[in-house]
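Data block below; observations after.
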Amino acid sequence: MAQGIIKKFGSALGWEDENSTGDEGGERSGPVLLTRPQFKLALFTPREFSDLKDIADALLNKSGVVISFEKVDTNLRRRIIDYMNGAGYAVGAHVEKITEQSVIYTPENAVIENERPVTVRNKKWF
């Protein structure tokens, strides 16, 4: 009984049962080992278009990617967003604007929860 509760709680947190045998029906005796999946988040501040290869590779390797546009002009920002949207589409990633100067790309298995909507007034994205 207690292990069933532990398993359900761990499952709700995204943890996996390493002792799983594939049997959904029976209770097990003994301790249950729950592990949390690894999630990496990388921060990039590109300066030129050639920096995108490393950023796209991180996303393709299932890491979350935060891109800061502090060091680029508007035209390069647009090219970066177009390129990364293509890479993100290829892996089923989600994209979310964090601030006027940054966005986050996450793999399809990650969830972004935004407790309050981002409101930007009197500023253009590009």
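FYI, the numbering just counts along the sequence from 1. What you see below is based on every heavy atom in this structure, not just the backbone, and it leaves out hydrogens, waters and symmetry mates.
- Interatomic distance, Y105 OH to L59 CG, rounded to the nearest 0.5 Å: 8.5 Å.
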Q. Step by step, would you call I98 with V103 a side-chain contact (heavy atoms from CB on, under 4.5 Å)?
A. CA-CA 5 Å; I98 300 173; V103 294; 5.7 Å; no
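- Here the NZ-CG distance, from K40 to N61, works out to 8.5 Å after rounding to the nearest 0.5 Å.
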Q: For the pair L41 and I104, evaluate side-chain contact (heavy atoms from CB on, under 4.5 Å) and give the outcome as yes or no after the intermediate values.
A: CA-CA 9 Å; L41 186 63; I104 184 170; 3.9 Å; yes
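- Minimum heavy-atom separation, Q101 to R77: NE2-NH2, 3.1 Å.
- To the nearest 0.5 angstrom, L76 atom CG is 9.0 Å from F69 atom CZ.
- Among all heavy-atom pairs drawn from A87 and L60, the shortest one is O-CD2, 4.5 Å.
- Closest approach of A56 to Y83, counting heavy atoms only: CB-CE2, 3.9 Å.
- Taking OG1 from T106 and NZ from K62, the interatomic distance works out to 11.0 Å, rounded to the nearest 0.5 Å.
- Distance CD1/I55 to CE/M84: 6.0 Å, rounded to 0.5 Å.
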Listing, residues 42-50 side-chain donor-acceptor contacts under 3.5 Å, not counting sequence neighbours, or none:
| from | atom 1 | to | atom 2 | distance (Å) |
| --- | --- | --- | --- | --- |
| E48 | OE2 | S50 | OG | 2.9 |

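- Annotation: the span from K71 atom NZ to D51 atom CG amounts to 12.5 Å, rounded to 0.5 Å.
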